[in-house]
Amino acid sequence: MAEDKALTARSEDFSAWYNEVVQRAELAGYSPVRGCMVIRPHGYAIWELMQAALDRMFKETGHQNAYFPLFIPQSFLQREAEHVEGFAPETALVTHGGGKQLEEPLVVRPTSEAIIWPIMADWIQSYRDLPMLINQWANVVRWEMRTRPFLRTLEFLWQEGHTAHATEEDAEAETLLILGIYRKFMEEWMAMPPLTGVKTEWDRFAGAVRTYACEALMQDNWALQAGTSHNLGQNFARAFDVKYQTEEGEHEYVWSTSWGVSTRLLGGLVMTHGDDLGLVLPPRLAPIQLVIVPIWKSDRQRTEVLEASARLKSQLEGNVRVRLDDRDTLNPGAKYYEWEGKGVPIRVEIGPNDVEKGQVTVVRRFAGEAKLRKRVIAASEAPVSLAKLLEEMQQELLDAAIRRREEHSYRGVTDYEEFKKIIASVGGFIYTGYCGAKECETRVKDDTKATVRLIPNEDFASESYPERCICGRKAVQEVVWARAY
RNA sequence: CGGGACGUGGCGCAGUCCGGUAGCGCGCCUGAAUGGGGUUCAGGAGGUCGCGGGUUCGAAUCCCGCCGUCCCGACCA
C-alpha cells in the first residue's frame with residue numbers, strides 16, 4: 001500500500017521523479033493548453049518569495065520597475081536582424097482582434113527589447129538621463145516544441161532588466177553587477193551555487209555582444225542555465241535609434257544591457273534539493289518554514305496539546321513562517337507525509353508526552369546524519385533555537401550543494417575517451433582546454449549530448465588549463481562542458 | 001516536422017483481440033471509532049468510454065476520418 005504512494009526514486013528515473021515531486025508538492029499542474037502550466041498556490045508562494053528577494057536587490061542597486069505591453073508590432077521585432085532571426089521561429093502571433101484581421105500582426109513578446117527600446121528612446125535625451133535602469137516583472141511566450149513544468153513552458157514568468165548607459169564600460173559593469181546579484185541570490189536564497197562565466201559566441205542571446213550566464217548542477221549531474229545577463233553593446237540602440245546628447249553636445253548611441261531569471265528557477269530548486277520523499281526547500285524560500293503537528297487521544301489531551309501548540313505558534317510568529325496543522329481528519333502520519341512532500345523544513349510534534357514534560361519534538365526535513373533528524377528540546381527554548389535552526393539548515397543546504405558540485409567537477413581533462421567516459425557514467429561539469437571551434441562542440445554534442453556551458457570567469461577558472469583541446473588542436477581558452485536542460 | 005505509444009469518473013488503470021450498454025485502486029462526501037509515521041469499518045456521490053461518421057438488433061470494443069496528449073529526436077530561459 002505504502003509503495004503505491006511512494007515517489008519514483010531519483011536513482012531510478014530522475015525525470016519521472018521530478019514530475020512527481022512537482023505534483024506531490026502541489027507546485028504546478030497541467031492545463032488544457034499544450035505546454036502551459038498552472039502554478040498552484042504553494043509554487044506561486046515560493047515564486048513570490050523569490051521575487052521579493054530579487055526585487056529588493058534590484059532596487060538597492062538603483063533599478064526601478066515599470067511595465068510594458070504584452071504585444072509587439074511584428075515590424076518592431078524585425079528591426080534588429082539577429083534578434084528577429086533568433087526569436088521569430090518561436091513566437092506566437094496575434095492576427096485577429098475584435099473579429100477583424102489586424103492591419104499588422106502583433107507578436108506576443110518572447111522578450112521585450114523590441115517594445116522597450118522604441119519607448120525608452122523617448123525617455124532618453126541627455127547624458128543626464130543615464131544610466132536608465134529599468135526592470136519589469138512579466139510573462140513571456142516562446143513556442144517551444146517540448147515542454148516540462150517550470151523548466152520549459154510556452155508561457156513563463158520572469159523579470160527582465162533593460163538598462164541604458166553612456167559608455168561601453170558602464171554597460172559591461174552593469175552586466176557583471178547583475179550576474180553577481182544572480183549568483184548571490186542563487187547561493188544565499190536558493191542554496192543553489194552556480195558557475196558563472198561567458199557564453200560562446202553562438203550561444204549568445206540573439207542580438208547581444210556578450211552573454212554571461214549562471215549554470216547550476218542538478219542532482220542528475222545535468223546543468224541548468226539559471227540566469228543570463230547580456231551586454232547588448234550598441235546593437236539595439238542602433239536598431240531603435242536610441243541616442244543621447246553628451247556633455248559636449250554630441251549625439252551618441254547608448255550602450256545597453258538586458259538580463260533575466262524566470263520561473264525556471266523553481267525547477268532548479270526542485271532538482272537541487274529534492275529527495276525521494278519529495279520537495280526540500282531552503283528555509284529562506286519556504287512559504288511555510290515550520291509546521292506544528294499536535295497529537296492527542298482524549299479530549300482533555302486535545303485541549304492541552306492545542307493550547308501548547310498555539311502558544312508556540314504565537315511565540316514564533318513574526319520570526320518564522322509557521323503553520324499549525326490542527327486538522328482532525330488526518331492522523332499525524334498522514335500530515336508528516338504531506339508536509340514532507342511540500343518541503344517544509346521543520347516539523348514540531350507536540351503530544352501529551354511533550355506537554356507533560358514541557359518539551360517539543362523537533363524533526364528536520366533533512367539532516368546529514370539520520371540520528372540528527374529528530375530530537376527533543378525544552379518548550380521554553382524552542383522559539384529561539386528553532387529560528388536559529390532554520391538559519392543553520394539554510395547554510396547546510398548550500399554547503400551540501402557546493403560539495404556535490406565540486407565532487408562532480410572534473411578539471412584539466414584532455415583525453416576525449418576519458419571525457420566520454422565521464423559523461424556516459426556519472427556526468428557533471430568537465431573543465432577542458434578548448435580550440436574555440438563550433439564544429440568541435442557539434443561533434444562532442446553528437447557523441448555525448450554534452451555542450452559547452454560557459455567559459456568560466458575568474459572565480460571558477462582553473463589555475464591553468466590544458467594546452468590541447470579535447471579534439472587535439474591547440475586550446476585558446478578553458479571551457480566547462482555538461483549535458484544541459 | 002521524423003520515430004514510438006496512448007486517449008475510459010478528479011488522478012492512475014483494467015475491460016478492446018473474441019460486440020450485449022462499464023469496473024478496480026487512490027482521492028472525494030457522510031457517520032462512528034482511531035490518533036507519537038500514509039488508521040479502520042459502514043454507507044454514498046461521480047463516467048453520453050477524445051470527436052465525427054459507418055457496420056450491426058446492439059459498439060468503449062469492429063471499420064474510416066479527424067482532434068489531442070505523452071515519450072525519443074531537431075529547437076530552447
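Letters A, B, ... mirror the listed sequences (proteins, then strands); counts begin at 1. Not measured: the values here are computed from a predicted model.
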Quickly work out the [X] [atom1] to [N] [atom2] distance and round it to whole Å.
| X | N | atom1 | atom2 | answer |
| --- | --- | --- | --- | --- |
| A/N331 | B/U40 | CG | C1' | 11 Å |
| A/R453 | B/A77 | CZ | C1' | 11 Å |
| A/E144 | B/C1 | CD | P | 17 Å |
| A/L151 | B/C75 | CG | C1' | 16 Å |
| A/N353 | B/G35 | CG | P | 14 Å |
| A/N19 | B/U69 | CG | P | 16 Å |
| A/N139 | B/A77 | CG | C1' | 14 Å |

Using a cut-off of 4.0 Å on non-hydrogen atoms, how would the nucleic acid contact of [X] be classed: base, sugar-phosphate, or nothing?
| X | answer |
| --- | --- |
| A/R347 | base |
| A/S262 | base |
| A/P352 | base |
| A/T153 | base |
| A/R373 | base |
| A/G351 | base |
| A/L330 | base |
| A/T361 | base |

I'd like to know if A/E340 reaches the base of B/G37 with its side chain, counting only an N/O donor and acceptor under 3.5 Å. yes
Report the base-pairing partner of [N] (Watson-Crick or G-U wobble, both distances below 3.5 angstrom), or none.
| N | result |
| --- | --- |
| B/G47 | none |
| B/A59 | none |
| B/C17 | none |
| B/C70 | B/G4 |
| B/G36 | none |

Output yes if the stacking criterion (under 5.5 Å between centres, under 30° between planes) is met for A/Y336 over the base of B/G37, else no. no
Quick test of the criterion, 5.5 Å between centres and less than 30° between planes. Is A/W158 stacked on B/A77 or not? no
Let me know which of A/T361, A/V293, A/L386 forms a side-chain contact (heavy atoms from CB on, under 4.5 Å) with A/V348. A/L386
Name the orientation class of the two ring planes belonging to A/W137 and A/F58 (parallel below 30°, tilted from 30 to 60°, perpendicular beyond 60°). tilted
Residue A/Y337, side-chain heavy atoms: nucleotide from B/G35, B/G37, B/A77 that is nearest: B/G37
State which of B/G37, B/C75, B/G38 makes the closest approach to the side chain of A/K445. B/C75
Evaluate side chain to side chain donor-acceptor pair (under 3.5 Å) for A/S258 paired with A/E113, printing each intermediate quantity in order. CA-CA 8 Å; A/S258 70; A/E113 280 78 0; 2.8 Å; yes
Lys/Arg cation over aromatic A/Y336: A/R347, 6.0 Å, 45° cone: yes
Phosphate OP1/OP2 of B/G73: any A/K449 side-chain N/O under 4.0 Å: yes
Distance-only, no hydrogens or angles: does the A/R142 side chain make a donor-acceptor pair with backbone N or O of A/F156 under 3.5 Å? no
Tell me if a side-chain donor or acceptor on A/T272 pairs with a main-chain N or O of A/L269 at a distance below 3.5 Å. no
Calculate, to the nearest 0.5 Å, the distance between atoms CZ and NZ belonging to A/R210 and A/K199 respectively. 15.0 Å
Nearest-nucleotide wise, let me know which of A/D354 and A/Q225 is further upstream toward the 5' end of RNA chain B. A/D354
